[in-house]
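Each chain gets a letter, A, B and so on, in the order the sequences are listed, and its residues count up from 1.
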Amino acid sequence: MTYEPKTLKVVGTRPIRHDGADKVTGRANYGADFKLPGMLWGKVLRSPHAHARIRAIDVSKAKALPGVKAVITGGDMPMPDGGVTQAGESAINTQHLAKNLMARDKVLYDGHPVAAVAAISESIAREALDLIEVDYEILPHVIDVEEAMKPDAPLLHDDLFTQNVEPKPEKPSNVAQRIFVGKGDMEKGFSEADIVIERHFTTKPVHQGYIEPQACVANFAEDGQAVVWCSSQGQFLIRDLCVNMLGMEASDLKVIPAEIGGGFGGKTTVYLEPLALVLSHKAGRPVKMTMSRGEVFRSTGPTSGCAIRAKIGALRDGTIVAAEMDLKFQAGAFPGSPVGAAVMFATAPYDIPNLSITGWDVCVNVPKIHAYRAPGAPNGAFAFESVIDELARELNVDPIDLRAKNSVAEGSKAPYGPTHGPLGGLECLSAAKNHPHYKANLGPNQGRGVASGFWINIGGQSAATVVVNRDGTIALVEGCPDIGGTRASLAMMCAEVLGIEAEKVRPSVVDTTAIAFNDVTGGSRVTFATGKAVVEATEDAVRQMRERAAKMWDIEPDSVLWRDGAAHETGGEGRSLTIAQIASKAAKTGGQIMGHASINAAGAGPSLTTHMCDVEVDRETGRVTILRYTTVQDAGKAVHPSYVEGQMQGGAAQGIGWALNEEYIHDEQGRLLNAGFLDYRMPVASDLPMIDAVSGEVPNPNHPFGVRGVGEAPIVPPLAAISNAIYDATGVRMRDLPFSPPRVLAALEEAERAKG
Amino acid sequence: MPKIHVSTTVNGDTVEFLCETQETVLDVLRNTLGLTGTKEGCGTGDCGACSVLVDGRLVCGCLMLGVEAEGKEIVTVEGIGSPDRLHPVQQKFLEDAALQCGFCTPGFIVAAKALLDSNPEPTETEIRYWLAGNLCRCTGYDKIVRAVQDAALEMKGQQA
Amino acid sequence: MEYQSPASIDEAVAALAALEGARVMAGGTDLLVQLRSGAPRLGAIVDVKKIAEMCSIEETAEGFSVGAAVCGAQLTGHDAFSRAWPGVAEAAGLIGSTQIQGRASLGGNVCNASPAADTTPALIAARAKAEIVGPGGRRIVEVEKIATGPGKTSLGKGEMVVRFLLPARPARAADAYLRMIPRTEMDIAVAGAGVSLTLDRGGVVADARVGLGAVAPTALVLDQAADILTGTKLEDDVLARLAAAAGAAATPIDDKRGTIDYRRKVVGVLAKRAALIAYQRAGER
């Protein structure tokens, strides 16, 4: 199924989302909103140490507390055989996951679970945790990525040997893997260059920051059949991970998706569900578990802090001839940082003939890193888009012109291999340059920064069922949790194909027994891939309705055309039948009508974006204020433009938070000091201006309406855009995130001192 | 410790409940009274997802004890709007796509209603500072601020 | 945990004295967060919001009396108080979000004894006094004498602050409070400065007092401020001396909210800027 230009009646409009009324009235049920008769409350005891050996755990006092129904430790959790489960853009090693769910012999970070209890009330469960005695032997810990790579660094895993290095290491280390992407001849490239710039950058771990803490209810019956209600980015992933963890069969577990209160990648794994299942199994009653905000920060997410060296070489005319990068990423307690994506996409907006990009995946004593919106790409782009800005200043050319001169375009080869189809990099740059924002005047201590970003987007497996109701309305059944308006966008595509109003389609996100497997809501894939499945399923229903009409008229189906919600006879009497007329007779023409499609969608078009940002810097306090912000992004085709803008605005806001104040702060013992919204400073409403979101549309040839994923790319450029703007305002280059007031003031003073 | 008997008014209805002294209004609303529209995002007053009105004043349900509700009038998101008509703030949140995941939305609806009750014509800056205690991680606030502005206009129009 | 909500100060004092591990709760915005974090276990809560005189603001010939349980929204919404003491009002108005403003009290802010409390430096600059009632009767102390260290106060067993007393304002007097936070809202002060000035007819500072927050174990009175500012019109060199004196008086710590170096510098900047605002306000009266 490929893109065809056509006149659209529903796609591109802004109807009210189908789940809207439930969400503005408090009716919508999220992960923590379920309750079952006889339900127990589960709670987790977590390590207070960054790295320690567990000598012994004594749960006898907790078990003896009246009201406690089950207590579990690592020994009660099975160890799976191994293997990897794909979770959107990340791959989950099931043995690592098992050890992350509940520590066995060692705890690897502050917040690592060591035991769990189920009791008849939350307060008794809490009291029981206090009665569990854990004997720890505290071990030296390491959090900084460059420290963790040193030969004498504290070792997290004594069986971890660096992969993909020659010669093969003989000693274990914290370095799990080396990743490399390259082409051309680096020596030649840099020797041709008139200008070479090389810089070092660092970032801190940051959290996804979804407002809904993880929550679930598990109910394990005596016959081995279990049900989990939970909020996640993919009920099928939760099912598969739980059955892998616990040695169950897929048919033993039904996962019912709750509404999800934000995820940003962070809810593409399990933390509570397998524990709740084991507790429920032991206690013989349903168990509810919810995380506190502190637990969310200490034990879930975050994304990697990193250290990056970026080197760029260019000719006097602005042609970039060579780029070399070295990216060291924190993986957290177990291997698996997003450094691979950083390696592939850091330079991806540009066509550079000589490239050498090396990534390192490094275990450190923070929670296992998990996916966060365009995982790895913002870190890489921070470094590369900063050196591009330096290059533009060095060459005295406009930073947008420099980017355009080197931009990828249709036919250029991506650093990671494939040749690009149509994509919107140049269109975004040109729209940014022509935007009134780019020409607006700046006052004293104000500056403007520009940066671009690239995200690949994914397709993957999606299924959809289109049930034609007897009154002509539609039940659209799909399996991807709606995290930001996909019920609406999918229903709109269904309505477009049928030729009816979006309001006539009722979309439902169903449980794991009600539709075929779907990959997660992640990778900016749902409107693209599930959208394709919806279009195919709708076309299947249309085909059936044309056949039924033909039967009712006693003509050939080929003589029936579908248009505007009705079957039309192409010749003869020119009769027509509406969906309702066909559906109401379905019992007599062959049974009820239901279209279905189950696909593995390929061809997700990459999304390119350019951001512009104006800042004002208070030179006496180091405070950076965002004055104006504009995003331009290629959405392929915006199905519901409001929600496309929303993705762009929300991604920009997350990036602004990452740039200005968000960071994990640890004490000397490796304990997280800011495990709450008070001191993990995400942007509040008064921190931000309106964010202008301009949606460019270069259709993706691989989607019937030209859709590209839009969700992730907008978080890629802000880090560099803001750093570049601070430079423009002050002449000071910020290369270590975040640009919090103390750091900015220190940098300003350092620059003053250097001037003498 | 025996539970304490509390009688209070929630969304216009007289209700009675028993609670432990350390339980918050948020705990009572969600776990005892089944009003799960009020959300818990942090439990420490930093996110505003549990915003409710108590005697007309906007507070965090997580920072008020259940026992303090004695004799008070509480309004939650479930008490805003009427069965036949959404409140203008709710309606504009829908029309302006001011929600993505929707988890913070009940808190924003309650907070925005409280703002417009006390200040029918807020400036953009007033809206942003009034809502600074309500965290949203999805939208970047742009469409939320616009929805509140639009609701203000709508409510002004209704009065005129 | 026991909960009591007495209707009079005497009952409250009796309850505080009688109940093991009892704490006074006004707005509860600090206390309930401590309660939730589990440490230390509270034995009892004495809720003082049903005591009418602790929830009211009164203007008298001597100045203002502000009940210790008065919340931020009540104080900032009181026109006469905000006119007389704009700096104290803006300090109270900075504590937390709109939601917190509906609960958090002046008494709680001062008696929680956080070094970063916003109202304490403003109240210090205002020469505010606290009326304390306890088993031994009533006493009145300067606000700066209440906190003795982070989380520690000079209040005895069974004692509580019932009201704050702020003096009447002469003509050409005004105050201001500024704090530094990384965001625009929802943060704890990294540094704070309250300044109260009285000018003579010629616009020359006749009286000055400066309180500093978040740069020492307790909020500080900047003793040299009167010497530096009195007799001046806040010329640039005067402000530079004020900033330097504030930085020198500070004995801050490095923590997740800021560094020693940063706090020393910024507290001076804030003192300078708050002085200019107070000066302008005073000149307009």
- Task: Under the side-chain contact (heavy atoms from CB on, under 4.5 Å) rule, what do A:Leu678 and C:Met186 come out as? Steps first, then yes or no, please.
- Result: CA-CA 7 Å; A:Leu678 182 62; C:Met186 300 304 290; 5.7 Å; no
- Task: Spell out, as yes or no, whether a donor-acceptor pair under 3.5 Å connects the side chain of C:Tyr262 to the backbone of A:Gly622.
- Result: no
- Looking only at heavy atoms, what is the nearest atom pair of A:Pro742 and C:Gly258, with distance? CG-CA, 4.5 Å
Can you tell me which portion of [X] sits under 4.5 Å from chain C's heavy atoms? Options are side chain, backbone, both or neither.
X	result
A:Asp618	side chain
A:Ser292	both
A:Glu749	side chain
A:Ser740	neither
A:Leu745	side chain

Name the region of [X], side chain, backbone, both or neither, that has any atom closer than 4.5 Å to a heavy atom of chain A.
X	result
C:Met180	side chain
C:Ile181	backbone
C:Arg273	side chain

- C:Lys265 with A:Glu620: basic N within carboxylate O range, under 4.0 Å: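 Between A:Glu620 and C:Lys265 there is no salt bridge, as every charged N stays at least 4.0 Å from the carboxylate O atoms.
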- Task: Determine whether C:Lys256 and A:Leu672 make a side-chain contact, defined as any pair of heavy atoms from C-beta on separated by less than 4.5 Å.
- Result: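 No. Closest side-chain heavy atoms not under 4.5 Å.
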